[in-house]
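So that the names make sense, note that chain A is the first sequence line, chain B the second, and so on, each numbered from 1.
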Number of protein chains: 2
Amino acid sequence: MEEKEISRAVIKRLPRYYRYLGELLDSGVERISSNELSDRMKVTASQIRQDLNNFGGFGQQGYGYNVKFLYHEIGKILGLDKTYNMIILGAGNLGQALANYVRFEKRGFRIIGMFDVNPQLIGKKIRGIEIRMMDELPDFLAENDIQIATLTLPKAAAEEVAVKLVESGIKAIWNFAHTDLHLPDDVVVENVHLSESLMQLSYNITKNQRDRNTK
Amino acid sequence: MEEKEISRAVIKRLPRYYRYLGELLDSGVERISSNELSDRMKVTASQIRQDLNNFGGFGQQGYGYNVKFLYHEIGKILGLDKTYNMIILGAGNLGQALANYVRFEKRGFRIIGMFDVNPQLIGKKIRGIEIRMMDELPDFLAENDIQIATLTLPKAAAEEVAVKLVESGIKAIWNFAHTDLHLPDDVVVENVHLSESLMQLSYNITKNQRDRNTK
DNA sequence: TAGATTGTTAATCGATTAACAATC
DNA sequence: TAGATTGTTAATCGATTAACAATC
């Protein structure tokens, strides 16, 4: 079965399509053309059609796309038709904030455990999720079917914990630590580097000011 | 003064260079060649040289790059030689987590105010930063020089607050709300969409499983 | 049927990589 | 000077946009 690799650029756009289609669905829109969607999303209609056609023909000539159908198809592509059990490693501010965030649950991402090394946090519950000592991790992983591990801990600890997780069979990591994890190829890592995002912002602020002075 | 536009792809890589150079600096490395850096960062040496040359010749033939010099130059390009006053709009879990994060401060991003509509939060302090009522925002902006506004509030409120901020002269927004802000061109917006990041992860998990079954 | 709009091929644009002359 | 490595041009690759035939 020859399957062409989908480019990273396309994948990064899918969640945004999904969001817009969800909003259209909520507001009762039944069908939409690539042209109208392109207007709303400020991308070219051509790109929308190309992107979607990577996964098959979801539209119909002369009609456009059925919003509900397309929404669910993209959901399936993104793996949102399944549920995922998650744990959070590092129950500091960010870890707790993520645990408190209910919207993830609605999309099928269930946080079922949190771990930390700070004994003061142990036993504390965030939205019903218990914070456990880090040394309970191996047992917990053995007893529970976990698909995603979230790293919200200092970078010094991140790599070490990540290696342990992978040894225990974890295949997907959502990494908030400011470091690149060096893991086997079959482990999926999605990085969220907040400070790098902030630096892009300060770059653009600086550039913006320069532009204003120049013009 | 003809200045060629630097591509977004290049800008996105700069913070990562900055991070690696910072680590090299900390570990006492004085100079590095594009080749050695390419080994560590898993990018091509050619790309490193091309990227850096967008901003001028930072290296020296036969020698490589001086780590300390390059680190500071990239810092300047990213605007990290200045300080920024920030406010956080929405003092929920994520807003509080960001406020608690000390590392931003070290890089020159000072959070000096937080705002929320929930009266129960008013007066509370996060790391010394007071949470104020949202209606105090205009006065606060008039009395303080704010460069960055962080939006950690529900998407329904985000657009409305963003428009108010821009009317008060804010030119840069760090947006965590799950919505695209429609603002004038001279306003810089940097989006952090956590749920979209999570969807990319679930896409790759799904793909990974498919690959394993196929091979 | 006529009109609309997709799916898809071809053209363009931009970003990455390779190669090497310049130069420290 | 010889060796190393940049800065930069040229070649390649990939992604985006344009165009239009297919078809609902």
Side-chain angles (χ1 to χ4, degrees), chain A residues 2-17 20-21 24 29-74 77 200 203-204 207, chain B residues 2-17 20-21 24 29-74 77 200 203-204 207:
Chain A
E2 270 302 313
E3 265 191 44
K4 58 182 172 309
E5 194 75 7
I6 311 292
S7 87
R8 222 177 119 70
V10 174
I11 305 308
K12 284 192 74 170
R13 285 192 289 267
L14 287 184
R16 189 156 175 266
Y17 291 136
Y20 272 82
L21 287 164
L24 287 168
V29 177
E30 264 186 36
R31 67 190 188 92
I32 194 157
S33 69
S34 57
N35 227 293
E36 199 186 330
L37 191 57
S38 102
D39 266 359
R40 292 180 187 252
M41 296 187 64
K42 312 291 177 202
V43 297
T44 64
S46 198
Q47 181 165 75
I48 292 174
R49 294 203 299 275
Q50 285 278 23
D51 282 355
L52 297 179
N53 262 79
N54 281 300
F55 306 97
F58 296 141
Q60 200 170 51
Q61 281 99 330
Y63 171 89
Y65 299 89
N66 179 289
V67 171
K68 191 172 179 179
F69 176 74
L70 186 55
Y71 175 77
H72 286 293
E73 286 301 313
I74 294 180
I77 294 166
Q200 285 177 62
Y203 170 86
N204 282 312
K207 177 182 177 303
Chain B
E2 270 303 311
E3 264 190 46
K4 58 183 171 312
E5 194 75 8
I6 311 292
S7 87
R8 222 177 118 72
V10 174
I11 304 309
K12 284 192 75 167
R13 285 193 289 267
L14 288 183
R16 188 154 177 267
Y17 291 137
Y20 273 82
L21 288 164
L24 287 166
V29 176
E30 263 184 37
R31 69 190 187 93
I32 194 157
S33 68
S34 56
N35 227 292
E36 200 186 330
L37 192 56
S38 102
D39 268 359
R40 291 179 188 252
M41 295 187 65
K42 313 290 176 205
V43 296
T44 63
S46 197
Q47 181 166 77
I48 293 174
R49 295 204 297 277
Q50 285 276 23
D51 281 355
L52 297 178
N53 262 79
N54 281 301
F55 306 97
F58 295 142
Q60 201 169 51
Q61 280 100 331
Y63 172 89
Y65 298 89
N66 179 290
V67 171
K68 190 172 179 179
F69 175 74
L70 186 56
Y71 176 77
H72 286 294
E73 288 300 314
I74 295 180
I77 293 165
Q200 285 177 62
Y203 170 85
N204 282 310
K207 177 183 178 300

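- Residue B:Ser34 places no side-chain N or O under 4.0 Å from the OP1 or OP2 atom of D:dT5.
- Computed from coordinates, the B:Gln60 CD to D:dG7 C1' distance equals 13 Å when rounded to whole Å.
- Straight-line distance from the CZ atom of A:Arg8 to the P atom of D:dT16: 13 Å, rounded to whole Å.
- Atom CG of A:Leu70 sits about 9.5 Å away from atom CD1 of A:Ile32, to the nearest 0.5 Å.
- For B:Gln61, whose side chain is taken as the heavy atoms from C-beta onward, the closest listed nucleotide among D:dT6, D:dT17, C:dA19 is D:dT6.
- Look at C:dA4: its Watson-Crick or wobble partner, with both distances under 3.5 angstrom, is D:dT23.
- Between A:Arg49 atom CZ and D:dT16 atom P there is a gap of 15 Å when expressed in whole angstrom units.
- In terms of modelled atom types and a separation under 3.5 Å, the side chain of A:Asn53 and the main chain of A:Gln50 share no donor-acceptor contact.
- With A:Arg16 contributing its side chain and A:Met41 its backbone, the two residues share a donor-acceptor pair below 3.5 Å.
- Look at CG on B:Leu70: it is 11 Å from P on D:dT6, rounded to the nearest Å.
- Using a cutoff of 4.0 Å between basic side-chain nitrogens and carboxylate oxygens, B:Lys207 and A:Glu5 are scored as salt-bridged.
- DNA chain C is contacted by both A:Phe58 and B:Thr44; A:Phe58 maps to the nucleotide lying nearer its 5′ end (nearest heavy atom per residue).
- Residue B:Asn54 contributes atom CG, which lies 15 Å from atom C1' of D:dT6 at whole-angstrom precision.
- As a whole-Å value, the separation of B:Tyr65 OH from D:dA4 P is 18 Å.
- Within the 4.5 Å cutoff, the side chain of B:Leu52 has heavy atoms near those of the B:Ile74 side chain.
- At a cut-off of 3.5 angstrom, the base of D:dT6 holds no donor-acceptor pair with the side chain of B:Gln50.
- Contact check, A:Ser46 against D:dA18: no side-chain N or O comes under 4.0 Å of OP1 or OP2.
- As rounded to whole Å, 18 Å separates atom P of D:dG3 from atom CG of B:Asn35.
- If you check C:dA18 for Watson-Crick or wobble pairing at under 3.5 angstrom, you find it paired to D:dT9.
- For A:Ser7 against D:dA15, a side-chain-to-base donor-acceptor contact under 3.5 Å is absent.
- Note on A:Arg13: only backbone sugar-phosphate atoms sit closer than 4.0 angstrom, heavy atoms only; bases stay farther off.
- As rounded to whole Å, 16 Å separates atom P of D:dG7 from atom CD of B:Gln47.
- Of the listed nucleotides (C:dC24, C:dG7, C:dT6), C:dG7 has the atom at the smallest distance from the side chain of A:Asn53.
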